[in-house]
Amino acid sequence: MDIPAKYEAAKIEEKWYQYWLEKKYFHTEPDSREPYVNVIPPPNVTGVLHMGHMLNNTIQDVLVRRARMLGKNAVWVPGTDHASIATEAKVVAKLKAEGIDKSSLSREEFLKHAWEWKEKHGGIILEQLKKLGASCDWNRTCFTMDEIRSDSVIRVFTDLYEKGLIYRGVRMVNWDPDAKTAVSDEEVIYTEENSKLYYVKYKIENENSYVIIATTRPETILGDTAVCVNPNDKRFTHLKGKKVIVPMVNRVVPVIFDDYVDMEFGTGCLKITPAHDINDYEIGIRHNLPSIDIFNDNGTLSEAAELFVGKDRFEARKLAVAELEKAALIEKIEAYNNKIGRSERTNSVIEPKLSMQWFLKMENLVKPALAAVENGDVNIIPAKYKNTYRHWMENVRDWCISRQLWWGHRIPAYYLPGSNEFVVAGNEEQALEKAKKHTGNNSLTIKDLRQDEDVLDTWFSSWLWPISVFDGILNPENAEFKYYYPTNDLVTAPEILFFWVARMIIAGYEYPKNKPFSNVYLTGIVRDKQGRKMSKSLNNSPDPLDLIEKYGADGVRVGMLLCSPAGGDLLYDDSLPEQGRNFANKIWNAFRLVKNWDIDDSIPQPEHSRVAVEWFDAKFNQTVTQLNQQFDSFRLSEALMTVYKLFWDDFSAWYLEIVKPEYQKPIDKITYYKTLDFFKKLSLLISPFMPFITEELWQFMKEERDVESIVTAKWPESVNTKSDLISSFEICTEVIAGIRTIRQEKNLPLKEKLSLQIIAHGFYDNRFDSVIKKLGNLEGIDFVKEKPVLSAGFIVKSQEYFIPVGNLINKDEEVKKLEDELVYTEGFLKSVIAKLSNEKFVNNAPSKVLENERKKQADAESKIAILKEQISGMKGQ
RNA sequence: GGGAGCUUAGCUCAGCUGGUUCAGAGCACCUGCCUUACAAGCAGGGGGUCAAUGGUUCGAAUCCAUUAGUUCCCA
């Protein structure tokens, strides 16, 4: 057979992926089997694959492929998220580049552009996932804004509204003046930035004195409605009942007293701007202060500011400082570091702003979701995130679900003509009916109603994802939903534990009244070698597709998994996929070796091959048991390493080397077919991690396989094995290593046959002597009573081994080696005896531990005897 | 400021109920090999006061406390 010496992933990956699709191996329908369900965390519809996706989707694919091999009806539902803010921002930017301003377009016109953009760029990421080998059921691909998903969102909104859980209210929100929308707390990133602290003089009314107030935002002085001090602050007791004059606008405002003020900060005297600071807002409510909103939605100053109207807030700050300086109202300016919140999407400085928003009451909704994680119905991996989850759920605030955008699910609230009253309904017709009933005015038409301009937060659609992908909101009784829900494993990043995971659990208990999934596997964050998060702005993220091209999808998958324990960050380096690629090459070459053997029916199976088969069979079965445990506890990195070592160390370095016939000699039939069978079974274990190369090999194994594709093959059974054989083989490997070490130390050529002489003490296990003979390249193994002259030796488990090496022996060196070992062993024995003569230890330690210590003592004592004898023997020579 | 976690070999990490899995793995490193499956390889080897201190215990990487460094979440 002609198989190239280097494995070339690029040549086969595309072929097998197409083959899997044609055969519809990834598609499932409900049947009598147990389902295994995984829904993809929907990537942004216009996004491109980054390293985080690679990690996340590799893990999902490994889980899904193994479940499929376990005989479950495994389905992985793919899809994309409309991602309101991110997508709208991209469309706005694209239009801007074409000279079109969003504000010049109607809502309908803008949405037309947005949909065009989605059609053009949407789903690229899904095509990229195919390159990775993701075994998604593509027929089930969903989009959070397709018909079923949109209708589900609207249905849920109206339902929650009718339950009294959705309300409209004025709230302080995080306003993004660039995107002109409110963003959630979670979407604001706070960082330390250099700014300035301005000490401004406020004149006390009817007095010729001032209070000094430190502020980082002098432009907001225009919105001040009070000055506040701590009631315990003795410096300001004289201000009781006084009023001060706000600079620039000369507004007279009261001095109020509130515990909130930190006496240590600044001058201990705080200006209160209820419209533009969350704490001021709360103080404002407590003290019944008016609130003056001085900003427009785009961050420029409004008419209410009186000064600098129309100027940008940062421009206004400069102007305000100049104005204050002109009036000699600035006492000093200090450099100051403070935390500035910026929008995750636009990087614009967040403006706290009072605005009318829609909210979902969370207090009661979270209760079953909190309980589910506490009682283990939903299992979070790693468990440390349970604490974080609990903390958030116990301190949950109402969810601001409206966004001032166009791309998304428009809020189904319809305002009555000339009024702020509204009805909430699933569509215009229903809204009209409700409006007529509400007003008693039957002449109303659809045109009289005005739908709310806002859309819903993106998470308000993705929180339904595990339900809505099976149409479980609109048709909760449908057969698919009943079969597939609840799903099994959710794999996602810890950063969206709250935005998404927690809310899905909430929705699960509110709608189908059942958990959305049983396990949440939180991956780490992919970082670069310096520990920095991979990001576009740092330009430190490799393009996943380049990596796949360079190392093969299998290589990249292995690379991602090798270093990613659940919840631990992954410090990415090119050496990782390289290791994966090397592994693929190793597998490839092992296969080449086996497939190129000539078989001779007439030769009997050599003894060394017979025991090797017996041993590897035991080792394989033992490893499958271990592997299953690792999978079941989501220790995927460890599982991969287990398979890696089984193939590389046990199978390639030991088993194949034992059974390998001499150059250009044929192999016996029994060993050949046994080896191919091992290869087949090893491929099965490797295939969830490396689906492409294992499929390629599978196709070469036409005679051995029972199904056409490895995708649908059965995961090997684990049977109980003789661990005795495995430990016996370990001794054999130590003996071989001992021989090899002597060969290397004495510079004995590999081709020169040596003889091994053994002084046996007690029972000598000879089961693997044929193996020792072959791999040690020995001409024979003899048992002797005394140490042969001019020989180098070693001890394994109180058996003495010697290799006669003629004059190459350096007596002094050998004696030194033995003496070193003697010193060590005597020290060891001393510590064991100390333990055993400690009465408290003997009385308290479990018998198993005691037994072990006694065995240690016996072993050490016999070893010391041997060493002493050898040393005196050497010296006597 | 409040909360949670982490610190084990040069790097990334295991170490699950305190005791033969107790100091481990992979990579990297060093030495010798182009031994006809694989140099993307083979064989051999070195390397750690388990962050520090104190405590509990017959026994601590493992449990407790304090400290230092670090990461994340919330404000």
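Sequence lines set the chain letters: A, B, ... in the order given, protein chains first and strands last, and positions in each chain run from 1.
Per the geometry, CD1 belonging to A:Ile736 stands 11 Å off P belonging to B:A43, to the nearest Å. Rounded to whole angstrom, the span from the CG atom of A:Asp573 across to the P atom of B:G26 amounts to 18 Å. Atom CG of A:Asn747 is separated from atom C1' of B:U31 by 11 Å (rounded to the nearest Å).
Closest to the side chain of A:Met641, out of B:A25, B:C38, B:C16, is B:A25. Picking from B:C27, B:C38, B:U36 the nucleotide with the shortest atom distance to the side chain of A:Tyr663 gives B:U36. Residue A:Lys6 places its side chain closer to B:A39 than to any other of B:C42, B:A75, B:A39.
Using a 4.0 Å heavy-atom cutoff across all strands shown, A:Arg743 reaches no nucleic acid atom at all. No engagement by A:Lys855 is indicated, since no non-hydrogen atom pair under 4.0 Å with the nucleic acid exists. Base contact: A:Ser652 has a heavy atom under 4.0 Å from a base atom. Residue contacts shown for A:Gln744 include a base, since a base heavy atom lies under 4.0 Å away.
Aromatic ring orientation, A:Tyr655 versus A:Phe678: perpendicular (interplanar angle above 60°, classes split at 30° and 60°).
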N/O contacts under 3.5 Å, protein versus nucleotides 57-59 of chain B?
{"from": "B:C58", "atom 1": "O2'", "to": "A:Asn838", "atom 2": "ND2", "distance (Å)": "3.0"}

Kindly give the atom pairs (protein nitrogen or oxygen, nucleotide nitrogen or oxygen) under 3.5 Å for nucleotides 5-7 of chain B.
none

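Atom CD of A:Glu851 sits in a sparse spot, with 12 or fewer heavy atoms from other residues, nucleotides or ligands closer than 6.0 Å.
For A:Asp600, the side chain to side chain contact (heavy atoms under 4.5 Å, CB included) criterion is met by A:Ser602, A:Ile603, A:Pro666, not counting sequence neighbours. Checked against side chain to side chain contact (heavy atoms under 4.5 Å, CB included), A:Arg854 has the following partners two or more places apart in sequence or in another chain: A:Leu836, A:Val842, A:Leu850.
Not one side-chain nitrogen or oxygen of A:Asn589 sits closer than 4.0 Å to the OP1 or OP2 atom of B:G41. Residue A:Arg581 has no polar side-chain atom (N or O) positioned under 4.0 Å from OP1 or OP2 of B:G41. For the pair A:Tyr644 and B:C27, the criterion of a side-chain N or O lying under 4.0 Å from OP1 or OP2 is met. Contact between the side-chain N/O atoms of A:Trp648 and the OP1/OP2 oxygens of B:C42 is found at a separation under 4.0 Å.
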| field | Dot-bracket encoding of pairs in RNA chain B, which uses [ ] for pseudoknotted crossings and | for another strand, Watson-Crick or G-U under 3.5 angstrom | value | (((((((..((((.....[....)))).(((((.......))))).....(((((..]....)))))))))))).

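Taking the ring centroids of A:Phe647 and A:Phe679, they lie under the 6.0 Å cut-off.
Here A:Lys11 does not pair with A:Glu696 in a salt bridge; the nearest charged N to carboxylate O distance is not below 4.0 Å. For A:Glu704 and A:Lys680, the salt-bridge test fails: no basic side-chain N is under 4.0 Å from an acidic carboxylate O. A:Glu821 has a carboxylate O that lies under 4.0 Å from a charged side-chain N of A:Lys863, or vice versa, which qualifies the two as a salt bridge.
Taken residue by residue, residues 655-662 of chain A places heavy atoms nearer than 4.0 Å to RNA chain B at A:Glu657, A:Lys660.
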